[in-house]
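Every number for a ligand or one of its atoms is a count from 1 in the order of the listing.
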Amino acid sequence: MSRMVCVVTGSSSGIGAACARKFAAGGYDVAINFSRAATPAEAVARECAALGAQTLVTKADVANDEDCRRFAGEVAARWGRCDVLVNNAGRTKFVDMKNLEGLSAEDFHSIYAVNVIGAFQMVRAFHSLLTANPGGNVVNVSSIAGVIGMGSSIAYAASKGALNNMTLTLARALGPDLRVNAVAPGMVDGEWLRKGLGTERFEALRQAYESRAALASIVTPDDVARTIFFLGSGATKSTGEVVVVDGGMRIGKA
Ligand SMILES: NC(=O)c1ccc[n+]([C@@H]2O[C@H](COP(=O)([O-])OP(=O)(O)OC[C@H]3O[C@@H](n4cnc5c(N)ncnc54)[C@H](OP(=O)(O)O)[C@@H]3O)[C@@H](O)[C@H]2O)c1
């Protein structure tokens with residue numbers, strides 16, 4: 001029997017890269033994806049190969065439907081199957097929530113194009129591969145922003161709220177052949193926030209977060225990847241769920 005295959009969008013860094021390594025270590029072959037810089041994606045592919053996986057590295061912008069369909073064609077030609085699709089590629093603009101003039105319609109369109117439409121287009125492009133074998137499923141990488149309405153900007157939080165809702169509608173529409181779930185990470189230690197906020201604001205936010213969270217910790221990409229792996233490979237009777245991975249920030253301390 002051929003090995004199972006996991007496709008991870010936006011897997012050249014951060015959560016996506018951790019996820020590719022986790023599935024590689026768990027016995028899957030992995031397709032690694034990026035939209036701009038090939039070198040980090042190729043480095044992730046080498047790490048996955050060292051863990052025993054066959055790899056494919058594909059440049060594709062998930063906001064572009066032709067790219068999504070070409071990506072699915074490449075996976076079909078290489079392995080003829082896709083067991084887990086992780087819609088991880090995401091985009092934001094850091095704008096204070098009170099600064100309404102700081103967000104344009106174009107900002108909303110470009111954020112939704114990746115975070116919502118991109119995820120939908122990937123599911124559509126990979127649907128026949130995902131249903132070719134029993135157990136196929138999708139894990140969308142959402143955000144705590146879409147649950148509690150806080151985060152890098154109103155457009156970003158709204159897009160992740162839409163992704164949470166789409167997780168539910170797709171789970172209903174595509175069952176019983178496919179499961180569709182999401183993870184909603186809290187504050188993750190990585191380039192996304194370090195670059196977006198700058199070091200000083202990142203450290204201040206980390207301290208505030210850790211003083212509030214029940215588990216007194218921000219989250220690592222590996223923490224998120226473990227939950228994605230569970231949903232993708234083990235949670236066979238869960239669908240339409242949005243699993244928060246936030247170190248207990250949402251519930252807070254007693
Ligand atoms: N970091 C956090 O605190 C946090 C918290 C909650 C949720 N999340 C979510 O987690 C996901 C990953 O975030 P991260 O922190 O791991 O970010 P990251 O380190 O910046 O990684 C983003 C990845 O996505 C790729 N990418 C960006 N736009 C793309 C597109 N249109 N098509 C295909 N690939 C694209 C990037 O590569 P290229 O630049 O080469 O395209 C990169 O591989 C996002 O959906 C984000 O919303 C992050």
Side-chain angles (χ1 to χ4, degrees), residues 7-22 30-45 47 57-68 70-71 85-94 109-122 125 139-153 155-164 166-167 182-197 201-202 205-206 209 213 217-225 227-228 242-247 249-250:
V7 171
V8 188
T9 66
S11 38
S12 63
S13 71
I15 293 167
C19 198
R21 289 189 293 266
K22 180 71 186 165
V30 282
I32 289 138
N33 157 252
F34 66 98
S35 70
R36 286 171 295 199
T39 306
E42 283 156 4
V44 174
E47 291 172 336
V57 178
T58 298
K59 177 173 182 171
D61 177 355
V62 299
N64 180 319
D65 192 42
E66 272 179 35
D67 282 15
C68 296
R70 174 179 47 79
F71 191 3
L85 167 63
V86 182
N87 279 316
N88 168 73
R91 181 186 178 110
T92 193
K93 181 177 180 184
F94 284 79
H109 286 304
S110 63
I111 289 169
Y112 270 65
V114 177
N115 298 2
V116 186
I117 301 168
F120 176 79
Q121 290 177 163
M122 284 296 293
V139 183
N140 294 321
V141 181
S142 179
S143 170
I144 191 74
V147 179
I148 64 172
M150 286 167 70
S152 45
S153 62
Y156 176 76
S159 76
K160 294 297 190 176
L163 182 60
N164 292 348
M166 196 170 75
T167 299
V183 293
M187 181 179 182
V188 177
D189 195 353
E191 289 300 295
W192 170 288
L193 282 182
R194 286 178 183 274
K195 274 192 192 152
L197 294 171
R201 280 184 65 205
F202 176 87
L205 190 62
R206 176 215 283 270
Y209 194 101
S217 175
I218 62 167
V219 176
T220 66
D222 286 334
D223 293 327
V224 184
T227 304
I228 294 170
V242 178
V243 179
V244 172
V245 187
D246 71 344
M249 187 277 286
R250 184 182 47 143

For this session: Would you mind reporting whether Trp192 and Thr92 have side-chain heavy atoms less than 4.5 Å apart?
Result: yes
Show the short N or O contacts, below 3.5 Å, that ligand 1 makes with protein N or O atoms; if there are none, say 'none'.
| from | atom 1 | to | atom 2 | distance (Å) |
| --- | --- | --- | --- | --- |
| ligand 1 | 3 (O) | Val188 | N | 3.1 |
| ligand 1 | 16 (O) | Ile15 | N | 2.8 |
| ligand 1 | 19 (O) | Ser13 | OG | 2.7 |
| ligand 1 | 21 (O) | Ser13 | OG | 3.0 |
| ligand 1 | 31 (N) | Asp61 | OD1 | 2.8 |
| ligand 1 | 32 (N) | Val62 | N | 3.1 |
| ligand 1 | 37 (O) | Ser12 | OG | 3.3 |
| ligand 1 | 39 (O) | Arg36 | NE | 3.0 |
| ligand 1 | 39 (O) | Arg36 | NH2 | 2.8 |
| ligand 1 | 40 (O) | Ser35 | N | 3.4 |
| ligand 1 | 40 (O) | Arg36 | N | 2.9 |
| ligand 1 | 40 (O) | Ala37 | N | 3.0 |
| ligand 1 | 41 (O) | Ser35 | N | 2.8 |
| ligand 1 | 41 (O) | Ser35 | OG | 2.5 |
| ligand 1 | 41 (O) | Arg36 | N | 3.3 |
| ligand 1 | 43 (O) | Gly10 | O | 3.3 |
| ligand 1 | 43 (O) | Ser12 | N | 3.1 |
| ligand 1 | 43 (O) | Ser12 | OG | 2.6 |
| ligand 1 | 45 (O) | Asn88 | O | 2.7 |
| ligand 1 | 45 (O) | Lys160 | NZ | 3.0 |
| ligand 1 | 47 (O) | Tyr156 | OH | 2.6 |
| ligand 1 | 47 (O) | Lys160 | NZ | 3.1 |

Exercise. Do Ile15 and Ile228 have side chains that get closer than 4.5 Å, going by heavy atoms?
Worked result: yes
Exercise. Any side-chain donor-acceptor pair under 3.5 Å between Asp223 and Thr220?
Worked result: yes
Quick one: side chains of residues 33-41, donor-acceptor pairs under 3.5 Å with protein atoms, not counting sequence neighbours, listed by atom name and distance.
| from | atom 1 | to | atom 2 | distance (Å) |
| --- | --- | --- | --- | --- |
| Asn33 | OD1 | Gly10 | N | 2.9 |
| Asn33 | ND2 | Thr58 | O | 3.2 |
| Asn33 | ND2 | Ala60 | O | 3.0 |

Exercise. Should we count CD of Glu42 as having more than 12 external heavy atoms under 6.0 Å?
Worked result: yes
Exercise. What distance separates Met187 CE from Ile144 CD1, expressed to the nearest 0.5 Å?
Worked result: 13.5 Å
